*Asks:* 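Quick one: the structure is below, and I'll ask about it shortly.
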Amino acid sequence: MCGIVGCVGLPKAVGVVLDGLASLEYRGYDSAGAAWPEGGRIALVRAAGRVADLRNLLGGRAGLDVETAIGHTRWATHGAPVEKNAHPQVSADGRIAVVHNGIIDNFVKLRGELEDAGIVFNSDTDTEAIANLVAREYAGDLVRAVETALPLLDGTFALGVMAADQPGLVVGARRGSPLAVGIGVGFHLLASDAVPIIPHTRRVVFLGDDQVAVVAPGACEIREKGVPIDWACTEVTWSADAARKGGYDHFMLKEIHEQPIVLENMFRDRLRLPPASDSDPEFIFPEMEFSADYFKGISRIVLLAQGTAYHACMVGRNMIERVARVPTYPEYAADFRYRDPILDPSVLVIAVTQSGETMDTLHAVRLARESGCKVLALVNAVGSSIAREADAVFYLNCGPEIGVASTKAFTAMIAGLYFLALRMGQIRETVDRQEIRRRVNDLLGIGHRLEAVLALDQKIRRIARKYKDAANFLFLGRGTGWPLAMEGALKLKEVSYIHAEGYDAAEMKHGPIALVDENMPVFFIALGGRRYDKIVGNIHEVRARKGRIIALASHGDKAISKIADDVVRIRAESGIMNSICCAVPLQLLAYHVAVLRGSDVDKPKNLAKSVTVE
Ligand code: AGP
């Protein structure tokens, strides 16, 4: 997810673009750049790092007397976050500059064709192919060149395009990624959302898919299929803060609701399930060259993480052992690194981390590599320290996770570990073709299934209101319900400041049940499965001691209503579905309790988004 801004008709347009980019950094912040027409060519300034770094690099040029500029703040998906991969990307002939938010699935093919025609590329990005495609078609009519190039693109895009010899003109286009047009008097703006626009005008047109916006200082044309269409403005009344959160009250809630699209996007260009039932699913691993023989030779797997990422590893362990039959050990990195662990080159170490900067996980990775192990990083932040030091990476591609409480990264980590389990099971032939197809089909369908679970939001808010004043909470589950219980407890703790503990329900009688009385709410993950009867037994034990019971149960389970005070129902299915679908009610419960208790949900006290200290 990146942020783009374009401006025509406002004085000091470079400064306007910079301010707009700063307000879009919640969409991405690993590199940034700006471009403007100058003397018949394109002036271009880009920086790895934040928009502030770009501003420093630009210096006085931010105040240049230019009225046309485009800019970009990046969340890398293709190519490390270094200057050459920052946007704007400029065509080889220097005539066309492009800023882009989205993913072009067929950019390798397009780049090959352009290179065969003699075009020299300078970056690793998919966006550079767009700039050169438009340049190839450009003969003075920028709109026609853009509209000729767009149908060649597979994937998603929000674009701002500028030509060196046409100051005063920017062309925007969108498919799958948002693009807004600010309608001013004598000026116009393009931006990924309304945030950069509303300081200048609240009249906004939100482009539809495959629409093109042509903006000049005194004119705006919206086009579809090559012809102008009628359009109408929206009067945006949002505050800038509300616009940043896409209309949600907090980033945490926005990111909980982003999970369906995150999980949908995650495998879009990594997993193919051919329709023929006798064909094998295709796993596409562009960032990892571990050979099939290597995977066959693994003796065991160590999963390194902290916090929420560790809980994802606990779920991942069950899936890897069940599908790939490789002994798998989740480890708190902070303990692992000081324990003089037993390692050898047959051990695969997987570091699981949203930020890629957790210091304990980074040091544990270094220890593993010094011991001769290969390290795979399952990481969200492209180009982060752990991503750079690992032997291979599997990017979660969640987009920036701004809320300190990790939500979308957690479910993406589970899905990523499941993807690896399936790939290893396929290579090691521990799972037959039909079962792997069924499981792949489940994985591809998760995003859609989560939509149904998100519909529980108001029901969970009502439950949150009932229990918001509890002093303590217990979360209990069995099997993969156990790490989910731990994650539910962590979520509640870190955003609502209620003391909460997550346990394997089997552990209850070994101590925690001493805590149960009429003041103790106990959240049971009771979705059925081999241990369902056992967890029902645990519910009875809590009930006998007057504990207050919230049960997460499947739609078909009518009996549980007789023994639980509150029941949240979801459609129970396969293991991976349950593991991911259970996460959402837990996240929503923590969120709503926190809001009802007046916590600073996105920035809870004492916490940081990334623990870069030991
Ligand atoms: C999650 O809600 C917490 N904020 C925290 O436990 C986090 O998961 C942990 O610090 C690990 O962070 P990482 O995934 O960036 O390595």
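Ligands are counted one by one from 1 in listed order, and the atoms in each one are counted from 1 as well. Everything quoted here is computed from the prediction, not taken from an experiment.
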*Asks:* Where does the angle between the aromatic ring planes of F285 and F419 fall among parallel (under 30°), tilted (30 to 60°) and perpendicular (over 60°)?
*Replies:* perpendicular
*Asks:* N538 pairs by side-chain hydrogen bond (donor to acceptor under 3.5 Å, both in side chains) with which of R531, R478, E507?
*Replies:* R478
*Asks:* Please output the side-chain donor-acceptor pairs of residues 585-602 that fall under 3.5 Å, not counting sequence neighbours, one pair per line with the distance.
*Replies:*
| unit_1 | atom_1 | unit_2 | atom_2 | d |
| --- | --- | --- | --- | --- |
| Q587 | OE1 | Q259 | NE2 | 2.8 |
| Q587 | NE2 | Q259 | OE1 | 3.3 |
| Q587 | NE2 | T407 | O | 3.4 |
| Y591 | OH | H250 | ND1 | 2.7 |
| H592 | NE2 | D457 | OD1 | 2.8 |
| R597 | NE | S496 | O | 3.1 |
| R597 | NH1 | K468 | O | 2.6 |
| S599 | OG | V495 | O | 2.9 |
| D600 | OD1 | K603 | N | 3.4 |
| D602 | OD1 | F251 | N | 3.2 |
| D602 | OD1 | M252 | N | 2.8 |
| D602 | OD2 | F251 | N | 2.8 |

*Asks:* Looking only at N/O atoms, are T361 and ligand 1 under 3.5 Å apart anywhere?
*Replies:*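 No; every N/O pair is 3.5 Å or more apart.
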*Asks:* Could you tell me whether the side chain of N318 and the main chain of V315 form a donor-acceptor pair under 3.5 Å?
*Replies:*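 No; judged by distance alone, with no hydrogens or angles, the pair does not exist.
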*Asks:* Which residue and atom name correspond to the protein heavy atom nearest atom 10 (O) of ligand 1, and how close is it?
*Replies:*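 Residue, atom and distance for the closest contact: V611 CG2, 3.9 Å.
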*Asks:* Identify the closest protein heavy atom to atom 14 (O) of ligand 1: which residue and atom is it, and at what distance?
*Replies:*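 Atom 14 (O) of ligand 1 sits closest to the protein heavy atom Q354 N, 2.8 Å.
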*Asks:* In terms of atom number and element, which parts of ligand 1 are under 4.0 angstrom from non-hydrogen atoms of S406?
*Replies:*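 With S406 as reference, the close atoms of ligand 1 come out as 1 (C), 2 (O).
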*Asks:* Would you call E389 and R366 a salt bridge, using N to O less than 4.0 angstrom?
*Replies:* yes
*Asks:* What residue and atom, counting heavy atoms only, is the protein's closest point to atom 15 (O) of ligand 1, and at what distance?
*Replies:* S355 OG, 2.7 Å
*Asks:* Is it true that R548 and D566 have a side-chain N and a carboxylate O under 4.0 angstrom from each other?
*Replies:* no
*Asks:* Taking the minimum heavy-atom distance to atom 9 (C) of ligand 1, which of Q587, M252, Q306 ranks first?
*Replies:* Q306
*Asks:* With a 4.0 Å cut-off, would you call D442 and R449 a salt bridge?
*Replies:*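 A salt bridge is absent here (no side-chain N lies under 4.0 Å from a carboxylate O).
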*Asks:* Of all the atoms in ligand 1, which lie at a distance below 4.0 Å from a heavy atom belonging to A405?
*Replies:*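 Ligand 1 atoms under the 4.0 Å threshold to A405: 2 (O).
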*Asks:* So if I count the atoms of ligand 1 from 1 in the order they appear, which ones are less than 4.0 Å from some heavy atom of K491?
*Replies:*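 Answer, ordered by atom number: 1 (C), 2 (O).
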*Asks:* Checking a contact table here: which protein heavy atom is nearest atom 4 (N) of ligand 1, and how many Å away?
*Replies:*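 In this structure, atom 4 (N) of ligand 1 has V404 O, 2.9 Å as its nearest protein heavy atom.
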*Asks:* M413 to ligand 1: N or O pair under 3.5 Å?
*Replies:*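 Looking only at distances, the answer is no, because the N/O contact criterion of under 3.5 Å is not met.
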*Asks:* Atoms of ligand 1 less than 4.0 Å from G307 heavy atoms?
*Replies:* 6 (O)
*Asks:* For residues 343-352, run the donor-acceptor check on the side chains, cut-off 3.5 Å, and write out each pair with its distance to 0.1 Å, sequence neighbours left out.
*Replies:*
| unit_1 | atom_1 | unit_2 | atom_2 | d |
| --- | --- | --- | --- | --- |
| D344 | OD1 | S346 | N | 2.6 |
| D344 | OD1 | S346 | OG | 2.4 |
| S346 | OG | S299 | OG | 2.6 |

*Asks:* Run the contact test for S610 against ligand 1 with a 4.0 Å cut-off on heavy atoms, strictly below, and give the result.
*Replies:*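 Not so, S610 does not reach ligand 1.
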*Asks:* Do NZ/NE/NH1/NH2 and the carboxylate oxygens of R268 and E264 come within less than 4.0 Å?
*Replies:*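 Looking at E264 together with R268, the answer is no, because their closest N to O distance does not fall below 4.0 Å.
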*Asks:* Under 4.0 Å from any heavy atom of E494, which atoms of ligand 1 are there?
*Replies:*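 That gives atoms 1 (C), 2 (O), 3 (C), 4 (N) of ligand 1.
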*Asks:* Please state which part of T353 comes within less than 4.0 Å of ligand 1, counting heavy atoms only: side chain, backbone, both or neither.
*Replies:*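 Both of them.
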*Asks:* Starting from atom 12 (O) of ligand 1, which protein heavy atom do you reach first, and at what distance in Å?
*Replies:*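 Nearest neighbour among protein heavy atoms for atom 12 (O) of ligand 1, to 0.1 Å: T358 OG1, 3.5 Å.
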*Asks:* Heavy atoms only, cut-off 4.0 Å: how does E357 contact ligand 1, side chain, backbone, both, or neither?
*Replies:*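 For E357, no heavy atom sits under 4.0 Å from ligand 1.
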*Asks:* Which ligand 1 atoms are under 4.0 Å away from a heavy-atom of T308?
*Replies:*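 Under 4.0 Å from T308, ligand 1 has these atoms: 1 (C), 2 (O), 6 (O), 8 (O).
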*Asks:* Is the Lys NZ or Arg CZ of R423 less than 6.0 Å from the centre of F290's six-membered ring, within 45° of the axis?
*Replies:* no
*Asks:* Please lay out, stage by stage, how L492 and F475 fare under the test side-chain contact (heavy atoms from CB on, under 4.5 Å).
*Replies:* CA-CA 10 Å; L492 188 67; F475 289 78; 3.9 Å; yes
